[in-house]
Amino acid sequence: MTNLVNKFFVIDVDLYNSQFLVSINQDNEDLVISLIETGILHSAEDPDLKYYMENFLDMGKSNLARTVQHDNGVVSIKINKFDENNVNNMATLIHELSHAVMFTFDRIGMPHNSDTDEAYSYLLGFLTKKFFEN
């Protein structure tokens, strides 16, 4: 069984000038530490701390995951429980990555329709691949 513990990584997508912050099995304190260690925040007193954390503060253990887009275009994905051998966790991952793709499309002004479906699917596949590479 592969259960990722306290994992944080960043996925950059240059094509869409997008950055995705991914937190797996981290409590909020661990997430703040990761944001500092990766240089996204300068310190725990950084004024942007609230900006990155406000949407995750009310997540309880019963909340599996949440994806948010920040005003600067960065997308944060926080998955409270993930085990790649659990089909429900895999479904949650794809659900959250789908939100991330839609947020990106909205930000760049690309509607999701039959003309852009291949781009949507490509980005969803790319994010999924990067998730498992990390």
Side-chain angles (χ1 to χ4, degrees):
M1 178 169 9
T2 305
N3 190 14
L4 301 174
V5 177
N6 196 9
K7 181 82 173 163
F8 180 86
F9 54 92
V10 178
I11 301 172
D12 289 310
V13 181
D14 295 332
L15 177 64
Y16 296 120
N17 192 29
S18 297
Q19 190 173 57
F20 302 85
L21 312 179
V22 182
S23 170
I24 307 165
N25 298 337
Q26 290 186 304
D27 62 23
N28 287 335
E29 183 178 323
D30 289 331
L31 176 53
V32 170
I33 291 168
S34 294
L35 290 169
I36 294 167
E37 287 177 348
T38 56
I40 294 164
L41 297 176
H42 299 294
S43 71
E45 289 79 37
D46 192 312
D48 286 337
L49 175 63
K50 180 182 178 195
Y51 175 75
Y52 282 102
M53 293 300 298
E54 65 187 343
N55 291 294
F56 302 124
L57 294 176
D58 65 344
M59 285 181 72
K61 292 195 186 273
S62 63
N63 295 105
L64 294 178
R66 183 173 291 163
T67 300
V68 298
Q69 181 174 20
H70 306 289
D71 292 338
N72 63 358
V74 171
V75 174
S76 292
I77 303 167
K78 186 171 190 296
I79 301 174
N80 280 338
K81 182 179 179 185
F82 185 77
D83 176 342
E84 67 184 18
N85 295 307
N86 181 312
V87 69
N88 291 325
N89 291 173
M90 293 296 287
T92 297
L93 169 65
I94 299 306
H95 175 102
E96 297 306 321
L97 292 177
S98 180
H99 284 308
V101 173
M102 286 307 300
F103 290 150
T104 302
F105 272 34
D106 285 346
R107 184 181 55 79
I108 65 172
M110 185 185 298
H112 181 208
N113 57 39
S114 60
D115 293 332
T116 62
D117 191 56
E118 191 65 27
Y120 179 93
S121 297
Y122 175 80
L123 183 54
L124 181 60
F126 179 83
L127 292 175
T128 303
K129 178 182 174 199
K130 290 298 182 183
F131 179 90
F132 285 104
E133 287 177 355
N134 283 285

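No experiment lies behind these values; they were computed from the predicted model shown.
The heavy-atom pair separating Ser34 from Gln26 by the smallest distance is OG-NE2, 2.7 Å. Across all their heavy atoms, Pro111 and Gly109 have their closest contact at CD-O, 3.5 Å.
Counting heavy atoms from C-beta outward, Asn80 and Leu64 have side chains that stay 4.5 Å or more apart. A 4.5 Å side-chain heavy-atom check between Phe56 and Ser76 finds at least one atom pair inside the cut-off. Using a 4.5 Å heavy-atom threshold, the side chains of Leu35 and Phe8 count as touching. Counting heavy atoms from C-beta on, the side chains of Phe82 and Thr92 never come closer than 4.5 Å. The side-chain heavy atoms of Phe9 and Thr38, taken from C-beta on, include no pair separated by under 4.5 Å. At least one side-chain heavy atom of His112 sits under 4.5 Å from a side-chain heavy atom of Asp117. A heavy-atom distance below 4.5 Å is not found between the side chains of Glu84 and Leu93. Two residues are said to be in side-chain contact when any heavy atoms from C-beta on lie closer than 4.5 Å; Leu123 and Thr104 meet this criterion.
Applying the side-chain contact (heavy atoms from CB on, under 4.5 Å) test between Thr67 and each of Asn55, Ile77, Val22 identifies Ile77 as the sole match. The side-chain contact (heavy atoms from CB on, under 4.5 Å) test with Asp46 singles out one residue from Ile36, Leu41, Ile40, and that residue is Leu41.
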Exercise. Tyr16 and Met110: side-chain contact (heavy atoms from CB on, under 4.5 Å), yes or no, with the steps?
Worked result: CA-CA 11 Å; Tyr16 296 120; Met110 185 185 298; 4.1 Å; yes

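Side-chain atoms of Asp83 come within 3.5 Å of backbone atoms of Asn85 as a donor-acceptor pair (strictly under, hydrogens ignored). Remark: side-chain polar atoms of Asn28 are not paired, donor with acceptor, to backbone N or O of Leu31 under 3.5 angstrom. Between the side chain of Ser121 and the backbone N or O of Glu118 there is no donor-acceptor pair closer than 3.5 Å.
When the side chains of ILVMFWY residues are joined at heavy-atom separations under 4.5 Å, either directly or via intervening members, Tyr120 and Ile94 end up in two distinct hydrophobic clusters. Follow the hydrophobic side-chain contacts under 4.5 Å out from Phe20 and you reach Met102 in the same cluster.
Of the N and O atoms on the side chains of Tyr51 and Asn72, at least one donor lies less than 3.5 Å from an acceptor on the other residue.
With rounding to the nearest 0.5 Å, the separation of OG in Ser23 from CG in Asn6 is 7.5 Å. Between atom CD of residue Glu37 and atom CG of residue Asp30 there is a gap of 9.5 Å, rounded to the nearest 0.5 Å. Rounded to the nearest 0.5 Å, atoms NE2 (His99) and CG (Leu97) are 10.0 Å apart. Once rounded to the nearest 0.5 Å, the distance linking NZ of Lys78 with CD1 of Ile24 reads 11.0 Å. Note that CD of Glu54 is 10.0 Å distant from CG of Leu49, once rounded to the nearest 0.5 Å. Taken to the nearest 0.5 Å, the CG atom of Asp58 stands 7.0 Å off from the CG atom of Asn63.
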Compile the donor-acceptor pairs under 3.5 Å between side chains in residues 124-133 and protein atoms, sequence neighbours left out, one pair per line.
unit_1, atom_1, unit_2, atom_2, d
Thr128, OG1, Leu124, O, 2.8
Lys130, NZ, Glu133, OE1, 3.3

